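Okay, structure first, notes after.
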There are 2 protein chains.
Amino acid sequence: MKQYAIPHYLVKLLELGAYNKFIKISTSFLKDHFEMSQQSCSRIINELYSKEYIKKEIIHGGLNVMVTSKGIDYIIETKEYFNLALTKPGYFEMEGRLFTGLGEGSYYMSKRPYKKAFYRKLKIDPFPGTLNLRLEDEKYEKINFRLSKLKGTYIPGFQDQSRTYGPVKCFKAIIEDEYEGAQMFAIRSHYEKNVIEIISSFHLRKELNINDGDLVKVKVYLNNAFID
Amino acid sequence: MKQYAIPHYLVKLLELGAYNKFIKISTSFLKDHFEMSQQSCSRIINELYSKEYIKKEIIHGGLNVMVTSKGIDYIIETKEYFNLALTKPGYFEMEGRLFTGLGEGSYYMSKRPYKKAFYRKLKIDPFPGTLNLRLEDEKYEKINFRLSKLKGTYIPGFQDQSRTYGPVKCFKAIIEDEYEGAQMFAIRSHYEKNVIEIISSFHLRKELNINDGDLVKVKVYLNNAFID
DNA sequence: ATTACTAGGGAGCGAGTAT
DNA sequence: TATACTCGCTCCCTAGTAA
């Protein structure tokens, strides 16, 4: 069954009362509720079961089913995903765990051409150091992937005596609902799909009193230009 | 595209900012966001457009799209459908417009065997007259259809000198969040899929001060037995 | 560079049926 | 009665490509 259909079937089971308790059903009974054949209802129930969205007991003349808390969470997540887009369009939210990177970020951010461009285009006077967050939820990795495909604010690269510094692109962001900053992507360079890099005018580790391993919430705002 | 997928695609467009304003996109740009091929994105955009969930303008080198208020409503409806099942499992909600039936309801309700059975099984001393509601939304017709397939509380039929009265089944209901009653289905008899019939101990037209043409909200509660 | 048509392949659906 | 398997058939998805 299609991913998008899962919460709908779970909701129909909830409507029938399968919330925190088993209900007695049969797959042919379900066909009017799922608007599917008995065979497909059987398949759907087994898929929901194998994905652990429902508990199932085969009894004489039917089954007992109950939506699991994983199933409930999945409905809630879907609902909140809709809600977020309705209340904050043009905006993505991610959460990741703080970790210490290679220190490259602070090296880059101390370079004058970057500093000047960040200030001019984003009004950010970058603190010498970036916040590295590791995304632990697949849904945030997907968001990060989608962001990587958007245009963002372009910060050009440059050279000094010793080496070349590549261009980056940024999206304005709010960290922990409080501090302004930006998510930064290196363009034409390795990008780890489960890592995001945040810059800010502030020393966020100090200001937010956060340490490696802490979960940090980031809201990323889009510009209005999508096609590169 | 599958019905269940529609709100997901609309939400992705909202995330990109297509809320109350046009965004410039291309179908190949969308493929990372929809997780579909360019060709399917094209098809999806056109399906959303033909169903009036989005507005579309073809421009040089792409399209401008914007989610319509019908699209927004559809997302909200889906979200609230999930929410209702989460907060009130084992419960359906419908809304219909009051109309005057053939008066059969009041005739039936005045029959002693029915009155006694309603009181014994549902603690309802039926007011001689039923509330007929015409469902105007397809989603409520679907709910009514699904209810018609559930077991409900059985009220047996009977005979008097002149004729036979068929059995009915009932589901406890709350009318306008205030008055208790029940939705009644005739068993083995014609059933209009867009009409529901409500009984109550109260004269609801008077108590609620409602007249033909008024919208009336009904919450129907399920018993715990599903298979007939 | 676009959109979107056509054609082929694959996934999903339901009828029939074994258990 | 059930569940759930196999097997066609259909529909949907994508690759190729026209416009």
Side-chain angles (χ1 to χ4, degrees), chain A residues 1-10 12-13 16 18 22-67 142 145 149-151 154 225-228, chain B residues 1-10 12-13 16 18 22-66 142 145-146 149-151 224-228:
Chain A
M1 145 201 45
K2 274 286 165 35
Q3 184 80 354
Y4 294 151
I6 294 174
H8 288 263
Y9 294 121
L10 293 175
K12 282 172 205 288
L13 292 174
L16 293 172
F22 280 95
I23 55 168
K24 178 171 171 285
I25 55 162
S26 76
T27 55
S28 55
F29 163 79
L30 274 184
K31 75 178 191 299
D32 295 323
H33 299 272
F34 284 3
E35 296 177 281
M36 285 279 159
S37 66
Q38 175 271 322
Q39 291 85 344
S40 289
C41 290
S42 171
R43 189 169 32 79
I44 289 164
I45 286 294
N46 284 323
E47 283 180 51
L48 293 175
Y49 176 67
S50 71
K51 294 188 167 84
E52 297 180 312
Y53 292 128
I54 61 170
K55 288 181 190 166
K56 184 181 85 162
E57 294 170 350
I58 297 178
I59 55 166
H60 180 72
L63 340 150
N64 288 331
V65 298
M66 169 180 150
V67 179
K142 279 188 182 173
F145 170 74
K149 299 294 183 176
L150 296 174
K151 199 174 185 316
Y154 182 77
F226 297 109
I227 304 180
D228 267 330
Chain B
M1 147 200 44
K2 277 281 163 38
Q3 183 81 354
Y4 294 152
I6 293 173
H8 288 262
Y9 293 122
L10 293 175
K12 282 173 205 286
L13 292 174
L16 294 172
F22 280 95
I23 55 168
K24 179 172 170 284
I25 55 162
S26 76
T27 55
S28 56
F29 162 81
L30 274 183
K31 74 177 191 298
D32 295 323
H33 298 272
F34 284 4
E35 296 177 279
M36 286 278 158
S37 66
Q38 173 272 321
Q39 292 85 345
S40 289
C41 291
S42 172
R43 187 169 36 79
I44 289 164
I45 286 293
N46 285 323
E47 284 180 52
L48 293 175
Y49 176 68
S50 70
K51 294 189 167 85
E52 296 180 312
Y53 292 128
I54 61 170
K55 288 180 191 168
K56 183 180 83 162
E57 293 169 352
I58 297 179
I59 55 166
H60 180 72
L63 339 151
N64 288 330
V65 298
M66 169 181 150
K142 279 187 183 174
F145 170 75
R146 291 176 60 192
K149 299 294 182 174
L150 296 173
K151 199 170 186 318
N224 208 1
F226 297 109
I227 304 179
D228 264 327

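What's counted below: heavy atoms across the whole structure, side chains too, no hydrogens, waters or symmetry copies. Small disclaimer: the values here were computed from a predicted structure and weren't measured. Within every chain, numbering begins at 1; the chains are lettered A, B, ... in the order of the sequence lines, protein sequences first and strands thereafter.
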Return the value, rounded to whole Å, for the distance between atom [atom1] of [X] and atom [atom2] of [N].
{"X": "Gln38(B)", "N": "dT17(D)", "atom1": "CD", "atom2": "P", "answer": "14 Å"}
{"X": "Ile44(A)", "N": "dC13(C)", "atom1": "CD1", "atom2": "C1'", "answer": "10 Å"}
{"X": "Asn46(B)", "N": "dT3(C)", "atom1": "CG", "atom2": "P", "answer": "10 Å"}
{"X": "Arg43(B)", "N": "dT14(D)", "atom1": "CZ", "atom2": "P", "answer": "7 Å"}
{"X": "Ile45(B)", "N": "dT3(C)", "atom1": "CD1", "atom2": "P", "answer": "10 Å"}
{"X": "Tyr9(A)", "N": "dG12(C)", "atom1": "OH", "atom2": "C1'", "answer": "11 Å"}
{"X": "Ile59(A)", "N": "dT3(D)", "atom1": "CD1", "atom2": "P", "answer": "9 Å"}
{"X": "Lys24(B)", "N": "dT3(C)", "atom1": "NZ", "atom2": "P", "answer": "10 Å"}

Taking side chain as C-beta onward, heavy atoms only, is Gln39(A) less than 4.5 Å from Arg43(A)?
no
Are Tyr4(A) and Lys2(B) side-chain neighbours, meaning at least one heavy-atom pair lies under 4.5 Å?
no
By the 4.0 Å heavy-atom rule, please label [X] as base, sugar-phosphate, or nothing.
{"X": "Met36(A)", "result": "sugar-phosphate"}
{"X": "Thr27(A)", "result": "sugar-phosphate"}
{"X": "Lys31(B)", "result": "nothing"}

If you only use heavy atoms from C-beta on, which nucleotide in dT3(D), dA4(C), dT2(C) is closest to the side chain of Leu63(A)?
dT3(D)
Contact under 4.0 Å: Ser40(B) side-chain N or O vs dT14(D) OP1/OP2:
yes
Nearest-nucleotide check on DNA chain D, Gln39(A) vs Lys2(A); residue mapping nearer the 5' end is Gln39(A)
Could you check whether Phe29(A) and His33(A) have their ring centres less than 6.0 Å apart?
yes
Can you confirm whether Lys56(B) is buried at NZ, in the sense that more than 12 heavy atoms of other residues, nucleotides or ligands lie under 6.0 Å from that atom?
yes
When you measure from the side chain of Gln38(A) to the backbone of Lys31(A), do you find a donor-acceptor pair of N or O atoms at a distance under 3.5 Å?
no
